[in-house]
Undergrad: 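Please read through the structure below; I'll follow up with questions.
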Amino acid sequence: MCYRYTLATPRADLEKLFGIVIPELPLRFNIALTQIVPAVRLDGDTRVWGEYRFGLIPRWTRDEKPAGFGNARSETVAEKPSFRDAFRKRRCLVPADGFYEWETVGKQKLPWRLTLADGGPFAIAGIHETWTSPAGVEVATLALLTTSANACLERFHDRMPVIIDPAQHDRWLHGPAETLGELLVPYPAERMKVFRVDTRVNSPRYDAADCVTPIDA
DNA sequence: CCAGACGTTGTT
DNA sequence: GTCTGG
DNA sequence: CCAGACGTTGTT
DNA sequence: GTCTGG
C-alpha cells in the first residue's frame, strides 16, 4: 500500500516526465495523508497540473471532518460506490520518486524507502474527487491505486502502489476505463530498489532531506 | 417504504 | 485501547 | 502509514 | 448519490 511517499525531484525532470510546464514546488521528503499533493489530470485533452488533498472523500460524505481514503484497490475500484465515478471519469497521475514501508521488529517500527532502480521520478495511478463540505467549501481530493506486491515488498505486506510506465501515461488518463486492467499490475521488482532509512520518517511532521538518506539495515 | 452502508491495510 | 491529525 | 492525544477547573 | 437489507 502507500500512505507515505516522497517527491523531491527537480521540476525540470518532472516536466520531462509529464511533458507539461510545472510551477515551482517544494521538495517533499515525507508526504502524509491530508497534505496537499500535486497530480496531473486531463482538462479536455490537455494535461494539467493540479493540487489535491491526499485522502479521497466521496462526494456524498456528510461528515464535518471525514478522514478520506488514501488508497483504493485496483481490483475493485471500478465497482465500489466510493470510487467508481472517479475511476471512470477522473483519473490522474501522481508524481513521486519513492515511497515508504515499515517493518515491525518487536516494538520498533523501522522505515524503508522504495524507489525505481535509477532513483528517478515516476507516476502512481490516482483518482480524484471534489468534495463539498457541509459548510460549502470545495476540496479537491485524491487516492492512490494499489495492486498486489512484488518481491521488494515481501518483508512488509502484500500490496503496493500501481506505478504507470511513461509509455502508458496517455492511456491511463484517456481510458476508456474498461481497457485499463492491464495497467493495474505490480511494477517489476528488478526495476526497483529498497533500503533502510532513519526512524525520523515515522513522524508525519518530519519532512527533511535526511528522510531519504540510506542507512545500513 | 426507510435505515444504513459506502474503505484500506495489517495484525492477531 | 481507540480516535484524530498529518 | 505512524504519532499523539485522550480532561477539568481556575489562574496566569 | 446509490445500493442493500429489513
Side-chain angles (χ1 to χ4, degrees), chain A residues 1-8 26-38 51-90 94 96-115 124-134 136-150 152-163 184 186 194-208 210-212:
Chain A
M1 86 321 259
C2 190
Y3 291 104
R4 290 291 188 94
Y5 68 99
T6 59
L7 181 59
L27 303 183
R28 295 299 312 279
F29 303 96
N30 198 358
I31 292 168
L33 286 165
T34 74
Q35 295 178 352
I36 302 302
V37 300
E51 294 189 326
Y52 304 82
R53 175 194 187 272
F54 178 25
L56 184 149
I57 305 172
R59 303 193 70 82
W60 38 261
T61 304
R62 304 275 183 202
D63 302 1
E64 288 289 341
K65 291 188 296 178
F69 305 105
N71 295 166
R73 293 177 65 90
S74 57
E75 297 89 338
T76 55
V77 67
E79 286 83 40
K80 294 293 183 183
S82 292
F83 303 134
R84 60 191 173 196
D85 288 354
F87 176 68
R88 195 151 39 85
K89 296 179 293 199
R90 291 180 297 279
V94 183
D97 48 31
F99 59 95
Y100 297 111
E101 298 290 354
W102 278 262
E103 178 187 27
T104 303
V105 179
K107 290 179 181 174
Q108 296 183 99
K109 301 200 169 180
L110 305 177
W112 297 66
R113 182 166 184 252
L114 293 95
T115 66
I124 301 173
I127 54 176
H128 64 95
E129 182 74 272
T130 300
W131 174 68
T132 303
S133 77
V137 179
E138 289 200 345
V139 185
T141 69
L142 66 71
L144 308 177
L145 299 211
T146 64
T147 186
S148 50
N150 68 29
C152 288
L153 282 287
E154 217 164 25
R155 67 198 314 155
F156 310 115
H157 47 73
D158 61 359
R159 305 293 299 171
M160 70 179 289
V162 174
I163 295 171
L184 304 177
V194 52
F195 50 89
R196 267 294 314 279
V197 291
D198 195 273
T199 53
R200 275 180 284 206
V201 170
N202 290 15
S203 173
R205 295 168 186 273
Y206 190 80
D207 183 352
D210 58 3
C211 285
V212 300

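Here is the naming used below: chain letters follow the sequence lines, and residue numbers restart at 1 for every chain.
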Undergrad: Quick check on B:dT11: is either OP1 or OP2 less than 4.0 Å from any side-chain nitrogen or oxygen of A:T104?
TA: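 The answer is yes; a side-chain N or O of A:T104 sits under 4.0 Å from OP1 or OP2.
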Undergrad: Between atom CG in A:D207 and atom C1' in D:dC2, what is the gap in whole Å?
TA: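 So the two atoms are 15 Å apart, to the nearest Å.
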Undergrad: What's the closest nucleotide to the A:S203 side chain, out of E:dC3, D:dA3, C:dG6?
TA: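 Between E:dC3, D:dA3, C:dG6, the one nearest the side chain of A:S203 would be D:dA3.
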Undergrad: Starting at atom CG of A:L144, determine the distance to atom C1' of B:dT9, rounded to an integer number of angstrom.
TA: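 So the CG-C1' distance, A:L144 to B:dT9, works out to 14 Å.
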Undergrad: Ignoring backbone atoms, establish whether A:T76 has a side-chain N or O less than 4.0 Å from OP1 or OP2 of B:dG7.
TA: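 It does not, given that no N or O in the side chain of A:T76 lies less than 4.0 Å from OP1 or OP2 of B:dG7.
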Undergrad: Roughly, in whole Å, what's the span from CG in A:L33 to P in D:dC1?
TA: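 Distance check: A:L33 CG to D:dC1 P gives 10 Å.
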Undergrad: Could you tell me whether A:F83 contacts a base, only the sugar-phosphate backbone, or nothing, with contacts defined as non-hydrogen atoms closer than 4.0 Å?
TA: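 Sugar-phosphate, backbone atoms only, no base.
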Undergrad: What is the distance, rounded to the nearest whole Å, between atom CD1 of A:I127 and atom C1' of B:dT8?
TA: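 About 12 Å, once rounded to whole Å.
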Undergrad: Checking the side chain of A:T141 only, and the main-chain atoms of A:E129 only, is there a donor and an acceptor separated by less than 3.5 Å?
TA: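 Side chain of A:T141 to backbone of A:E129: a pair is present.
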Undergrad: Rounding to a whole Å, what distance do you find between A:Y3:OH and C:dT4:C1'?
TA: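 After rounding, the gap between these two atoms is 15 Å.
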Undergrad: Using the six-membered ring for Trp and the full ring for Phe, Tyr or His, decide whether A:W60 stacks on the six-membered base ring of E:dG1 (centres under 5.5 Å, planes under 30°).
TA: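 Yes, the aromatic ring of A:W60 stacks with the base.
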Undergrad: Under 4.0 Å, heavy atoms only, any strand: does A:T61 hit a base, just the sugar-phosphate, or nothing?
TA: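 Here A:T61 touches no strand at all.
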Undergrad: Any donor-acceptor pair under 3.5 Å linking the side chain of A:R4 with the backbone of A:V201?
TA: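 Side chain of A:R4 to backbone of A:V201: a pair is present.
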Undergrad: Check whether any side-chain heavy atom of A:L144 lies under 4.5 Å from a side-chain heavy atom of A:F99, and answer yes or no.
TA: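 A:L144 does not reach A:F99 side chain to side chain.
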Undergrad: Looking only at side-chain atoms of A:T34, point me to the closest of C:dG6, B:dT8, B:dG7.
TA: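 Output: C:dG6.
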Undergrad: Ignoring the backbone of A:N202, work out which of D:dC2, C:dG5, B:dT9 is nearest its side chain.
TA: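 Nearest to the side-chain atoms of A:N202, counting from C-beta on, is D:dC2.
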Undergrad: Looking only at side-chain N and O atoms, does A:R73 come under 4.0 Å of OP1 or OP2 in B:dT8?
TA: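 Answer no for this pair, as no side-chain N or O of A:R73 is under 4.0 Å from OP1 or OP2.
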Undergrad: Ignoring backbone atoms, test whether A:K65 places a side-chain nitrogen or oxygen under 4.0 Å from the OP1 or OP2 oxygen of C:dG5.
TA: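 Checking A:K65 against C:dG5: at least one side-chain N or O falls below 4.0 Å of OP1 or OP2.
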Undergrad: Within the side chain of A:R90, is there an N or O that forms a donor-acceptor pair under 3.5 Å with the backbone of A:H128?
TA: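 Yes, the answer is positive, given that a donor and an acceptor are paired below the 3.5 Å cut-off.
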Undergrad: What I'd like to find out is whether the side chain of A:V37 reaches to under 4.5 Å of the side chain of A:L7, using heavy atoms alone.
TA: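 A side-chain contact under 4.5 Å is absent here.
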Undergrad: Taking the side chain of A:W102 as its heavy atoms from C-beta onward, which of D:dC1, E:dG1, B:dT9 lies nearest to it?
TA: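 Of the candidates, D:dC1 comes closest.
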Undergrad: So, A:S74 side chain and A:L145 main chain: donor-acceptor pair closer than 3.5 Å or not?
TA: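 No, A:S74 side chain to A:L145 backbone: no donor-acceptor pair under 3.5 Å.
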Undergrad: In whole Å, what is the span from the CD atom of A:Q108 to the C1' atom of B:dT11?
TA: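 About 18 Å, once rounded to whole Å.
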Undergrad: Determine the stems involving DNA chain C; a stem requires 3 or more consecutive pairs of the Watson-Crick or G-U wobble kind, each with both distances below 3.5 Å, and the answer is none if no such run exists.
TA: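 Stems (3+ consecutive pairs) listed as C:1-6 with D:1-6.
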Undergrad: Can you find a heavy atom in the side chain of A:F29 that is under 4.5 Å from one in the side chain of A:D97?
TA: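 No, too far: nothing below the 4.5 Å cut-off.
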Undergrad: Rounding to a whole Å, what distance do you find between A:L153:CG and B:dT8:P?
TA: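 So the two atoms are 18 Å apart, to the nearest Å.
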Undergrad: Using the P atom as the point on both nucleotides, what is the distance between C:dC3 and B:dA5, in whole Å?
TA: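 Between the two P atoms, the distance is 15 Å.
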Undergrad: In whole Å, measure the gap between the P atoms of E:dG5 and B:dG7 for me.
TA: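 Per the computed distance, 13 Å lies between those P atoms.
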Undergrad: If you check every side-chain atom of A:R159, which of E:dC3, C:dG6, B:dT9 has the closest atom?
TA: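 Closest nucleotide among those given: B:dT9.
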Undergrad: Between B:dG7 atom P and A:L142 atom CG, what is the distance in whole Å?
TA: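 Taking CG of A:L142 and P of B:dG7, I get 18 Å after rounding.
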Undergrad: In whole Å, what separates the C1' atom of B:dC1 from that of D:dT8?
TA: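 Going atom to atom, C1' in each nucleotide, I get 47 Å.
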Undergrad: What contact category does A:D158 fall into here, base, sugar-phosphate, or nothing, at under 4.0 angstrom with non-hydrogen atoms?
TA: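 Since only primed, P, OP1 and OP2 atoms lie under 4.0 Å of A:D158, the category is sugar-phosphate.
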Undergrad: Look at all strands and tell whether A:R200 reaches a base, only sugar-phosphate, or nothing, counting heavy atoms closer than 4.0 Å.
TA: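 No contact.
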Undergrad: On a whole-Å scale, what distance lies between the P atoms belonging to B:dC2 and D:dT9?
TA: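 Looking at atom P only, B:dC2 and D:dT9 are 42 Å apart.
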Undergrad: Which whole number of Å gives the distance between the C1' atom of B:dG4 and that of D:dC6?
TA: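 Going atom to atom, C1' in each nucleotide, I get 29 Å.
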Undergrad: OP1 or OP2 of D:dC2 versus the side-chain N and O atoms of A:K109: is any pair under 4.0 Å?
TA: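 Checking A:K109 against D:dC2: at least one side-chain N or O falls below 4.0 Å of OP1 or OP2.
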Undergrad: Between A:R113 (side chain only) and A:V197 (backbone N and O only), is there a donor and an acceptor less than 3.5 Å apart?
TA: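 Checked: no pair found.
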Undergrad: Between A:D207 and A:L27, what is the shortest heavy-atom contact and its length?
TA: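 Answer, listing the atom of A:D207 first, then A:L27: OD1-O, 4.4 Å.
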Undergrad: Among E:dG1, B:dT8, C:dG6, which is the nearest nucleotide to the side chain of A:R62?
TA: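 Ranking E:dG1, B:dT8, C:dG6 by closest atom to the A:R62 side chain puts E:dG1 first.
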